[in-house]
Amino acid sequence: MSPGVTFERVYHELKRMLARGEFPPGTPIEPVVIGKLIATSITPVRDALHRLTGERLVEAPNHNGFRAPLPTEAALRELYEWRGLLLSLAAHRTRSSSGKYAPSPAQAPDTSSATASLFLEVARASNNAELAAAVQQANDRLAPFHRAEYRIFADLADEYGLLVLQYDNARHPDLVRLLRQYHQRRIRAVSHLLAQSVHAAERSL
């Protein structure tokens with residue numbers, strides 16, 4: 001294993017790049033290229049990629065190199081459905097919020113990031129660490145597709161605001177309903193989300 005400080009820097013930088021959709025789905029991730037890009041040796045890059053593979057944020061098909069995940073439409077639908085089920089369970093277990101929720105879209109990098117942070121807050125409020133960890137992993141795996149939402153949905157800020165309002169007001173039946181609608185909307189748009197994720201990443205290369 002590479003020295004801790006270097007490893008953590010490389011790990012978090014790779015995770016950020018994946019979340020921002022900088023690798024089109026299915027694109028090979030070359031440790032030598034990444035090492036040059038972020039000014040480090042190949043060893044911490046490989047170590048970080050192995051960890052990310054374990055977290056299902058990177059794929060290593062047949063243990064022959066690494067690539068950005070390439071989900072099928074069915075697999076992406078199941079992932080959205082899985083997070084929706086987790087959040088529905090968390091919302092049912094949440095007794096009350098801890099006051100006005102932050103960050104707002106203006107404070108977060110973007111509305112999708114703010115929404116993912118809200119989802120994690122809902123999971124943590126369930127007082128179940130395993131549930132919170134599962135929501136965090138689902139957030140991480142869906143992050144590249146969040147960025148494609150801006151090209152498909154025109155009302156992301158309004159959607160986020162309604163979710164925050166119901167969470168702040170501790171109106172959990174309404175929150176559960178909105179969480180279900182949020183995920184069903186994206187499940188119906190999976191083919192567009194996949195296509196937009198590929199096209200957006202390819203344009204950035």
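Bear in mind the structure is a predicted one, so any value in this text is a computation, not a measurement.
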>> Once rounded to the nearest 0.5 Å, what's the spacing between atom CZ of R93 and atom CG of N127?
In response: 7.5 Å
> Once you round to the nearest 0.5 Å, how far does CD of Q184 lie from CG of L179?
Replying inline: 11.0 Å
>> Less than 4.5 Å apart, side chain to side chain, heavy atoms only: is that true for Q196 and I152?
In response: yes
>> Tell me whether V176 shares a hydrophobic cluster with L178, the cluster being built from Ile, Leu, Val, Met, Phe, Trp, Tyr side chains joined at under 4.5 Å.
In response: no
>> As a quick check of understanding, evaluate side chain to side chain contact (heavy atoms under 4.5 Å, CB included) for V5 and R9, giving each step before the final call.
In response: CA-CA 6 Å; V5 174; R9 177 180 72 84; 5.7 Å; no
> How many angstroms lie between CZ in F153 and CZ in R186, if you round to the nearest 0.5 Å?
Replying inline: 5.0 Å
> Going hydrophobic residue to hydrophobic residue with side-chain gaps under 4.5 angstrom, can you get from L156 over to L142?
Replying inline: yes
> Applying the 4.5 Å side-chain criterion to the ILVMFWY set and letting contacts propagate, would I42 and F23 be lumped into a single cluster?
Replying inline: no
> Below 4.5 Å, heavy atoms only, C-beta onward: do R67 and V58 meet side chain to side chain?
Replying inline: no
>> Less than 4.5 Å apart, side chain to side chain, heavy atoms only: is that true for T72 and L76?
In response: no
> Below 4.0 angstrom, N of the basic side chain to O of the carboxylate: do R16 and E22 qualify?
Replying inline: yes
> Looking at E81, R83, R188, which one forms a side-chain hydrogen bond (donor to acceptor under 3.5 Å, both in side chains) with H183?
Replying inline: R83
>> Could you tell me if the side chain of H146 sits less than 4.5 Å from the side chain of T115, heavy atoms only?
In response: no
> For M17 and L37, what are the C-alpha separation, side-chain angles and deciding distance, and is it a side chain to side chain contact (heavy atoms under 4.5 Å, CB included)?
Replying inline: CA-CA 11 Å; M17 294 170 72; L37 187 63; 3.6 Å; yes
> Can you find a side-chain donor-acceptor pair between H12 and E8 that sits under 3.5 Å?
Replying inline: yes
> What is the distance from atom CZ of R56 to atom CG of L79, rounded to the nearest 0.5 Å?
Replying inline: 8.0 Å
> Can I187 be reached from V135 by stepping across I, L, V, M, F, W or Y side chains whose heavy atoms are under 4.5 Å apart?
Replying inline: yes
> Do the charged groups of R141 and E78 touch, with an N to O distance under 4.0 Å?
Replying inline: no
> Could you go step by step and tell me if L162 and D158 meet the side chain to side chain contact (heavy atoms under 4.5 Å, CB included) rule?
Replying inline: CA-CA 6 Å; L162 285 172; D158 292 339; 5.7 Å; no
>> Check this for me, if you would: do D110 and R147 make a salt bridge, where the nitrogen-to-carboxylate-oxygen distance has to be below 4.0 angstrom?
In response: yes
> Any salt bridge between R185 and D155, counting N to O under 4.0 Å?
Replying inline: yes
> About how many Å separate CZ of F7 and CZ of R46, when rounded to the nearest 0.5 Å?
Replying inline: 14.0 Å
>> Show me the pairs that pass ring pair (Phe, Tyr, Trp, His ring centres under 6.0 Å) and involve residues 27-62, at least two apart or across chains.
In response: H50-F66
>> Any heavy-atom pair between the side chains of L18 and I29 that's under 4.5 Å?
In response: yes
> To the nearest 0.5 Å, what is the distance between CG (N128) and CG (L89)?
Replying inline: 7.5 Å
> For the ring pair Y182 and F119, is the centre-to-centre distance below 6.0 Å?
Replying inline: yes
>> Just to verify, what does E73 make a side chain to side chain contact (heavy atoms under 4.5 Å, CB included) with, not counting sequence neighbours?
In response: R77, V190, S191, L194
> With the 4.5 Å side-chain cut-off for hydrophobic clustering, are F145 and L120 part of the same group?
Replying inline: no
